[in-house]
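This is a predicted model, so every value here is computed, not measured.
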Amino acid sequence: MAFSKAAAVVGKSHYLINCQQCHDADGRALANIDYIAADLTAPGSWYYGSSALHIFSSIKFGAGLEMPPFKAELSDEVIWQIVAHVLNIGPQASRPQQK
Amino acid sequence: MATENKKRKSDITAEEAKVSRRNFIKGTALAGAGAAAMLQSENSEAQDSNEAKIRIPDEIPRTLAEAAKPANFPMTGAEVFAKFCNDEGVAGFFCCPGNYNMINAIAAEGIPSYGGRCEGNMVSAADGFIRVTGEIAATSGTEGPGFTNMIMNIGAANAARSPLLVIASNKTIGEDDSEHGIQTAYQQSQTDGLKKWGKRLITPNRIYEYAAYAFRQLKTGVPKPVHLDFPGEISRARFEEPGELQYYYDKTRYRTESKAHPNPADISRAVDMIQRSQRPMIVASTGVFYDKAWEALLRVAEKNDIAVVESAPQRGHFSDGHALSASTAPDAIRSADLVMLVGQYCMPSIGEFAFGPEAKWIRIDPDASDIGRNVPIDLGIVSSENAALQALEDALPSRSRSSWRDELAAARHAFDEQSEEYYKLGLKYSADTDSIHPAVIGRQLGDFLYNNDLDREQTTVVSGGYGIGRYTRRYLRAFRPGQICNGAYQYGAIGPDIGYTVGVGAAVQNGVGPQAPFKGSPVVGITGDAGVAYSIMEFDTLGKYRIPAVMIVYNNNAWGVWTSGAGRGAVRAQHMYLFQENLRYDKIAEALGCNGEYVTSAEQFMPALERSYELAAREGISTLINCQGKKEFWTNAYPPAMPRHFAPGALAYYK
């Protein structure tokens with residue numbers, strides 16, 4: 001699912017509701033209102049891994065001091081949809097190729 | 001007091017503390033309603049006996065008790081404007097000295113007037129007053145530095161869409177560009193983007209005309225601050241008779257009370273959409289309060305079983321106690337299939353609302369030019385909020401939606417259960433760390449205000465703070481209009497909370513608007529240790545006017561964003577985010593003639609709150625309760641760390 005375009009489309013809606021407060025709507029986290037959040041368009045700058053499984057883990061279980069766990073609020077399916085969206089806003093070369 | 005200061009408050013019994021409080025305020029038995037009635041000139045024993053006493057000078061109660069002296073021709077420009085403000089019903093005035101002719105004229109008119117310690121805080125006092133009364137308040141500062149002190153707080157009022165009248169002096173026209181003397185500044189440009197309308201007056205005999213411009217802006221459409229600058233030639237001008245003033249008309253002729261009504265075809269479409277909906281929800285926002293549309297809102301909701309959630313700088317225009325309330329039901333917010341934004345003046349973007357992606361949207365707003373911004377609409381209705389709700393009430397059939405009511409009840413229950421879980425965690429974290437967790441503060445404050453001997457509608461609360469607000473908002477409730485001033489609304493300023501508390505306290509002290517039934521009651525404010533620093537000197541203002549307030553300060557020794565200096569590779573950065581630990585803000589309040597409490601455990605909070613409230617209620621003395629927490633509570637080591645905020649609803653922060 002993490003590499004599905006269809007999942008990414010649904011994931012964007014969930015992303016906008018759950019993630020943009022810190023990471024901004026475009027994932028670049030330029031506003032930095034509450035915290036310094038990861039720039040989701042630049043996986044090379046991430047501290048907790050950039051594979052689909054790493055992203056899933058960071059969302060589900062949290063990461064570092066600040067990234068909160070979402071295991072209580074989001075189902076695994078929704079988390080994977082968000083992962084799909086995140087993978088699709090990164091560098092063009094690293095985006096999933098499946099339709 | 002000197003003896004007590006050597007003893008930690010946590011070491012003394014409740015009875016001892018009560019006695020100590022009584023000693024502290026010996027001779028200051030003040031109770032009653034208006035500021036004039038409440039004040040006496042008495043000594044406070046807040047300092048060592050060998051030091052000069054903190055006292056209210058005789059001039060304060062004496063001049064507050066003086067009869068108003070409304071102006072009549074011949075009048076100065078300042079008097080013309082002050083009389084205009086009084087005729088228009090300006091209900092409160094908050095200033096720092098400067099702009100002398102103007103502030104003296106406004107006080108002489110009989111408008112309740114307050115002088116504080118920093119211009120910015122006085123702007124926030126006026127803003128807070130407006131947010132819980134719906135009435136226009138004015139604020140003033142001197143030109144140049146006084147005015148620039150006001151700007152952050154004007155920005156906050158602008159984001160909240162408060163009808164705030166900003167009055168500033170502005171040197172003289174004759175000295176323009178000379179920098180003669182001091183305090184020269186071009187002020188209008190400094191509020192660009194932070195106001196609805198502004199003008200530097202330059203023609204003396206147009207002062208009445210421009211006052212009419214100002215109040216047309218303040219009293220029609222979507223409100224925002226109006227900023228007027230008064231150079232000396234304007235405020236000191238003299239007018240022998242009305243004929244010397246241009247456009248000297250009665251208010252029935254220079255503005256209208258008429259409001260836009262909805263297109264019947266739009267109402268028919270709205271009714272059709274509501275009837276097709278299974279889970280409709282109204283977002284009752286700023287415009288519902290300012291248009292005094294809460295009764296129409298209630299009737300519409302009950303007629304068709306439509307849920308209502310609040311999102312505004314103030315709360316209570318739809319009671320949290322109602323079975324159709326979704327303000328504490330975030331799961332139901334996500335479930336709504338039709339969202340009706342009513343008077344949502346500060347418009348969130350998609351994602352800042354917690355509504356689901358499949359929901360349909362109706363927006364009702366008096367300003368057509370804003371409808372469709374940020375959130376794509378399915379139907380836009382240009383109308384005053386009250387007129388649109390009345391039209392909907394007439395057009396909608398009666399309908400019962402029992403499953404929707406059940407879902408709302410379940411969502412509220414789930415939210416309360418989660419809050420209870422946080423409270424239990426908070427008790428554990430407090431015990432583990434010899435401090436007090438914010439969930440404990442929030443839950444016990446809620447218990448005190450709503451599940452105690454107090455009338456749950458009585459206490460008006462300034463819900464401020466940054467991290468602490470994420471918790472206290474979960475437990476605060478509003479049961480009648482204007483019961484909560486939502487401090488950090490959208491602009492996110494963390495400093496104005498004590499300023500808001502001065503204004504909210506003044507509104508209750510004078511029983512203005514929805515505060516009338518609770519005239520003279522204590523108010524409660526919440527802020528953090530970062531925020532308190534910006535406005536703590538206003539404890540002098542609270543003390544001076546005997547505004548009864550209980551200010552809860554969550555003290556975690558750091559800016560709320562401190563973790564941004566700790567993670568993600570930060571080097572040499574953390575020191576910029578931290579304060580000295582265990583600072584005694586309570587002692588600052590004591591040094592300013594008020595009362596202080598220091599709370600370092602969960603067990604100490606409720607007794608401190610009870611003592612403080614009693615002191616405020618019986619004797620008009622304000623208290624700062626300094627609650628010692630830990631900065632680490634905001635990290636994943638103490639879940640839920642800093643709970644996220646979604647608008648609208650109890651967790652609303654940005655909106």
Hey, which of A:P68, A:G62, A:A25 has the most heavy atom pairs under 4.5 Å with chain B?
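Highest number of heavy-atom pairs under 4.5 Å: A:P68.
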Contact winner vs chain B - A:G64, A:A63, A:A38, A:P69, heavy-atom pairs under 4.5 Å:
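Going by pairs under 4.5 Å, I would pick A:A38.
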Quick one: does [X]'s side chain get under 4.5 Å of [Y]'s, heavy atoms only?
| X | Y | result |
| --- | --- | --- |
| A:D26 | A:I89 | no |
| B:I494 | B:W559 | yes |
| B:S311 | B:Q344 | yes |

Which atoms of [X] are under 4.5 Å from chain B, going by heavy atoms: the side chain, the backbone, both sets, or neither?
| X | answer |
| --- | --- |
| A:A72 | neither |
| A:Q20 | side chain |
| A:F61 | neither |

Okay, side chain of A:W46, backbone of A:D39: is any donor-acceptor separation there less than 3.5 Å?
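Yes; judged by distance alone, with no hydrogens or angles, the pair exists.
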Where the side chain of A:S57 meets the backbone of A:L53, is there a donor-acceptor pair that is under 3.5 Å apart?
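Answer holds: no.
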Most heavy-atom pairs under 4.5 angstrom with chain A, which of B:G569, B:G565, B:A570?
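Among B:G569, B:G565, B:A570, the one with the most close pairs to chain A is B:G569.
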